[in-house]
Peer 1: 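Provided herewith is a single structure, encoded as structure tokens, for subsequent inquiry.
Values in this document were obtained by computation on a predicted structure and should not be read as measured data. These numbers come from the heavy atoms of this one structure, side chains and all, not from hydrogens, waters or symmetry mates.
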Amino acid sequence: MDRKKLPIGISDYKKLIEEDYYYVDKTDFIRQIIEEGSLITLLPRPRRFGKTLNLSTLRYFFEKTEGNIYRPLFNGKCIEGWKDFDKYQGKYPVILITLKDCKGDTFEESVYQIEMQMQQEFQRHRYLLDDQLSEANRMCFDQILRLQAEDVMIQNSLRILSEMLTDHWGMPPLVLLDEYDTPIHVAFDKGYYDRMIGFMRNFMSLVFKDNTDIFRGVITGILRVSKESIFSGLNNIDVDTILEQSMCTAFGFTQEETDRMLDDYSMGDLKDEVKQWYDGYLFGGETIYNPWSVLSFISKGGVLSPYWVNTGSDVLLRHLLAEGPSQIRKGVESLIQGESIRSVINDKLAFPDLLAETTNIWSFMLFSGYLKASEPEKNSDDLTEYTLQIPNREVRTVFFTIIRSWINNGPVKNDRLELMLQALRAGDIEYFEELLNDFVVNTFSYYDTNGRDPEKVYQAFLLGLLAGMSDYETSSNRESGFGRYDILLRPKGGKGQAVIMELKRLRPKETVEKALDSALQQIEDKHYDAILRKDGFTDILKMAITFDGKQVWIRTAE
């Protein structure tokens, strides 16, 4: 059979169905909005997890049209079996606004981009001009269409449009606001955060607060921006974050959906690799795959690559890791070694406060898709703590890249790093040791080696350096033989020399020779090479690395 086109970048439900793209049926989300949602429902999810497509699906389901032209889009879909299908389908006017592209360098540019989104929606409802409109409403309509509205009128435009639709159809509209926080993210980055918060507070509260002229409101974004600053007064709002049970499978792909798709495209034998790279998210306790990455993986013929990571900027994350409290960097060092940390999660974030507390940075990373949370428990202050981990190998590459950027921003630049990695590939261990010492001396200012566990610090540092070896698969702290190796480099493609590294801190009164001997002996005694030999590798370089402060020594097994 002919395989359907993959809907990469398609966020319009009508186009997706009419042009017969592959569709993972998420239409039960419609029922959930009615049965489980509130009058206003806020759904924060990471980027590229299907927010815009889900709102588009709501629009085509509920939108009232002459002749109910969108009814066939739901033939054979899950929602057809809903007992209230006919009660709601095609019965309400709809306003759909997406702010995902409202990213101006200045406040004025962003507001103009928001006005352009409003212009498109007013244009879509242009038939309202045939009604008996008040002079004020007709003027608003005219100015929005001509992109000549003042800020105050733009702030009122959602409310005014909802009133006109209610008068025309005799029933209130469904109001859908997609990616509401994009202009706020950008405003924080560009330095006009306070002005944008003030604008968005009015823009949203005028339509969503105590407005009898709406049937339901659904808002999506990445974060729940602090209630005090933007949702003040919206006491009828229900927030369903990734920590909630409700609607947890409406965004992203479940295990079953991912397995079915891989089978449909004859990639069923790659399920384990896909799980390691793109699974690992927990939404309401449910296992969820990154949909953008899974679709991209299939589209590229089964090439494992960080597709989602490359779709957005990690500037804010880099800033938070570099400028935040030192325990953040220590936490990252643990996370990239496969360990977990415990933290309270704050789901009401104000950008200016992100650096104030470590819990805010961990919370930002969780809701943005860089961490997963499990095992909630109340602590002594009656706050809920979670176990946080890096969800999968794709996201792990982000942290490696950030550590490398710290290294590259030091006095020793990228060309020296490449020379060091080439020396390792070529087996020139003397030169590798010399260059590694250069890096340690010049770039260890980001790291604290005086803490209780300096081995972890060196391991994280070395992993960041080795992340540049794209022809190797790098892993750490995994079981092999009778223990856990520190670092393992496995050539991609299954051929070539593999490397096992064991790290040892030089103890007081211990000689360098003894420390190096001990590390090599541990590799032998614990049979760390077992996993490599099982996979058919026979050329294995066993390497002991001993360090003391900012000095490093290396020896390999004969």
Peer 1: Is any side-chain heavy atom of M247 closer than 4.5 Å to one of F29?
Peer 2: yes
Peer 1: At what distance, to the nearest 0.5 angstrom, does CG of D347 lie from OG of S363?
Peer 2: 8.0 Å
Peer 1: Indicate the atoms forming the closest heavy-atom contact of I531 with L488, along with that distance.
Peer 2: CG2-CD1, 4.0 Å
Peer 1: Between E502 and K526 (salt bridge meaning N to carboxylate O under 4.0 Å), is one present in this structure?
Peer 2: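 No, no charged N to carboxylate O under 4.0 Å.
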Peer 1: Would the Y22 and Y265 ring centres measure less than 6.0 Å apart?
Peer 2: yes
Peer 1: Test salt bridge (Lys or Arg N to Asp or Glu O under 4.0 Å) on E385 and K378 and set out the steps.
Peer 2: CA-CA 6 Å; E385 274 189 1; K378 287 275 172 55; over 6 Å; no
Peer 1: Take T52 and E179, measure what side-chain hydrogen bond (donor to acceptor under 3.5 Å, both in side chains) needs, and give me the verdict at the end.
Peer 2: CA-CA 8 Å; T52 305; E179 303 283 10; 4.5 Å; no
Peer 1: Does the distance from a Lys or Arg side-chain N to an Asp or Glu carboxylate O, for R484 and E479, drop under 4.0 Å?
Peer 2: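 The answer is yes: the pair qualifies as a salt bridge.
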Peer 1: Could you measure the distance from the CD1 atom of I540 to the CG atom of L489? Nearest 0.5 Å is fine.
Peer 2: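 Spacing of CD1 (I540) from CG (L489) equals 12.5 Å.
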Peer 1: Can you check whether F482 and Y528 have ring centres sitting under 6.0 Å from each other?
Peer 2: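 No, ring centres 6.0 Å or more apart.
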Peer 1: Within the structure provided, determine whether I545 and V552 are in side-chain contact (heavy-atom separation under 4.5 Å).
Peer 2: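 Contact flag for I545/V552 side chains = yes.
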Peer 1: Using the rule given for side-chain hydrogen bond (donor to acceptor under 3.5 Å, both in side chains), can you reason through S476 versus Y485, listing the C-alpha separation, both sets of side-chain angles and the distance that settles it, and then say yes or no?
Peer 2: CA-CA 7 Å; S476 64; Y485 56 78; over 6 Å; no
Peer 1: Checking S293 against E394: is there a side-chain donor and acceptor pair closer than 3.5 Å?
Peer 2: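 Looking only at side-chain atoms, S293 and E394 do form a donor-acceptor pair, the distance falling under 3.5 Å.
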Peer 1: Passes side-chain hydrogen bond (donor to acceptor under 3.5 Å, both in side chains), D517 versus Q521? Steps please.
Peer 2: CA-CA 6 Å; D517 284 344; Q521 195 61 48; over 6 Å; no
Peer 1: If we check ring-ring contact (aromatic ring centres under 6.0 Å, His included) with W308, which of these qualifies: F297, Y370, Y278, W277?
Peer 2: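 Answer after filtering F297, Y370, Y278, W277: Y370.
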Peer 1: Let me know which of T41, D181, D178 forms a side chain to side chain donor-acceptor pair (under 3.5 Å) with T220.
Peer 2: D178
Peer 1: Start with the C-alpha gap between S266 and R3, add the side-chain angles, then the distance that decides, and say whether side-chain hydrogen bond (donor to acceptor under 3.5 Å, both in side chains) holds.
Peer 2: CA-CA 10 Å; S266 303; R3 287 182 182 146; 2.3 Å; yes
Peer 1: Does a side-chain N-to-carboxylate-O contact under 4.0 Å join E510 and K514?
Peer 2: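 No, this pair does not count.
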Peer 1: Indicate the atoms forming the closest heavy-atom contact of D25 with E257, along with that distance.
Peer 2: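 So the minimum-distance heavy-atom pair works out to O-OE2, 4.3 Å.
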Peer 1: Is the shortest heavy-atom distance from the side chain of S305 to the side chain of K300 under 4.5 Å?
Peer 2: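 Heavy-atom side-chain distance check fails, nothing below 4.5 Å.
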Peer 1: Walk me through whether R425 and D471 qualify under side-chain contact (heavy atoms from CB on, under 4.5 Å).
Peer 2: CA-CA 10 Å; R425 285 188 189 94; D471 48 338; 3.0 Å; yes
Peer 1: Could you tell me whether the side chains of D259 and Q255 share a donor-acceptor contact shorter than 3.5 Å?
Peer 2: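 Yes - a donor-acceptor pair under 3.5 Å links their side chains.
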Peer 1: For residues R490 and F537, determine if any side-chain heavy atom of one lies less than 4.5 Å from a side-chain heavy atom of the other.
Peer 2: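 Yes; the side chains approach each other to less than 4.5 Å.
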Peer 1: Using the rule given for salt bridge (Lys or Arg N to Asp or Glu O under 4.0 Å), can you reason through K275 versus D272, listing the C-alpha separation, both sets of side-chain angles and the distance that settles it, and then say yes or no?
Peer 2: CA-CA 5 Å; K275 190 172 187 64; D272 286 346; over 6 Å; no
Peer 1: Mind listing the closest non-hydrogen atom pair of I222 and P44 along with its distance?
Peer 2: O-CB, 3.4 Å
Peer 1: Do R260 and D264 come close enough that some side-chain heavy atom pair is under 4.5 Å?
Peer 2: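 Yes, side chains in contact.
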Peer 1: Would you say K103 and T182 make side-chain contact, with heavy atoms under 4.5 Å?
Peer 2: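 A side-chain contact exists here, since the closest heavy-atom pair is under 4.5 Å.
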Peer 1: Is any side-chain heavy atom of V398 less than 4.5 Å from a side-chain heavy atom of I390?
Peer 2: no
Peer 1: Minimum heavy-atom separation for M420 to F432, with atom names?
Peer 2: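 It is O-CD1, 3.4 Å.
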Peer 1: Would you say CD of E35 has more than 12 non-hydrogen atoms from neighbouring residues, nucleotides or ligands within 6.0 angstrom?
Peer 2: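 Enclosed.
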Peer 1: For residues Q459 and N477, determine if any side-chain heavy atom of one lies less than 4.5 Å from a side-chain heavy atom of the other.
Peer 2: yes
Peer 1: Between the side chains of D353 and N360, is a donor N or O closer than 3.5 angstrom to an acceptor N or O?
Peer 2: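 Note: D353 and N360 side chains miss the donor-acceptor criterion.
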Peer 1: Under the ring pair (Phe, Tyr, Trp, His ring centres under 6.0 Å) criterion, do F188 and F351 qualify, and how do the steps go?
Peer 2: CA-CA 7 Å; F188 180 68; F351 282 88; 5.2 Å; yes
Peer 1: For a ring-ring contact (aromatic ring centres under 6.0 Å, His included) with F49, tell me which candidate from F251, Y281, W292 qualifies.
Peer 2: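 Filter result, single survivor: Y281.
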Peer 1: For a salt bridge (Lys or Arg N to Asp or Glu O under 4.0 Å) check, start with the C-alpha distance between E273 and R393, then their side-chain angles and the critical distance, and finish with the verdict.
Peer 2: CA-CA 10 Å; E273 289 93 331; R393 287 188 57 184; over 6 Å; no
